Amino acid sequence: SINLAKIFLKNTNLNSSLLEAYFHFELFQNLKHLDLSDNRIEYLPKNFLKYRSNIDLLNLKGNFLKKFSDANTNNIKIIRNLDLSYNRLS
């Protein structure tokens with residue numbers, strides 16, 4: 001596992017395909033803050049939050065998310081700060 005507490009990938013043109021293919025967040029067991037704001041993310045990979053038992057802040061503001069799926073809401077109670085503003089949620 002990788003011992004990082006914060007990852008900031010704000011405004012990096014990150015899209016869902018890149019997120020799914022290259023970022024293995026299960027390796028970041030101690031992650032507390034994840035900022036993916038102002039990117040081009042349309043969906044979150046299946047089980048994206050499965051390994052996020054310690055996360056306090058998840059910033060997904062300003063992406064192209066259309067839904068926040070059931071697969072990603074299973075661990076939602078553990079996140080203290082969740083920002084989904086400025087997306088395409090319905």
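Computed from a prediction, not measured in an experiment: that's the story for all the values here. The residues of the chain are indexed from 1 along the displayed sequence.
By the rule that hydrophobic residues join a cluster once side-chain heavy atoms approach within less than 4.5 Å of another member, Leu89 and Ile79 end up as members of one cluster.
Partners of Ser16 by side-chain contact (heavy atoms from CB on, under 4.5 Å), not counting sequence neighbours, listed by chain and number: Ile41, Glu42, Tyr43. In this structure Asn59 satisfies the side-chain contact (heavy atoms from CB on, under 4.5 Å) test together with Asp35, Ser37, Leu57, Lys61, Asp83, sequence neighbours excluded.
Counting only distance, with no hydrogens or angles, the side chain of Asn15 and the backbone of Ser17 share a donor-acceptor pair below 3.5 Å. Side chain of Asp38 to backbone of Asn11: no donor-acceptor contact under 3.5 angstrom is found.
Nearest approach of Ala5 to Leu31, heavy atoms of both residues: O-CD1, 3.6 Å. Phe23 and Leu18 make their closest contact through CD1-O, 3.7 Å (heavy atoms, listed as atom of the first residue, atom of the second, distance).
Between Asn87 and Phe64, the closest side-chain pair of non-hydrogen atoms is not below 4.5 Å. Residues Asn81 and Leu58 are not in side-chain contact: their nearest non-hydrogen atoms beyond the backbone lie 4.5 Å or more apart. Counting only heavy atoms from C-beta outward, the side chains of Leu36 and Leu14 approach each other to under 4.5 Å.
Looking at Asn63 and Asn39, their side chains never bring a donor and an acceptor atom within 3.5 Å of each other.
In this structure, Tyr86 places its OH atom where only 12 or fewer heavy-atom neighbours from other residues, nucleotides or ligands lie under 6.0 Å away.
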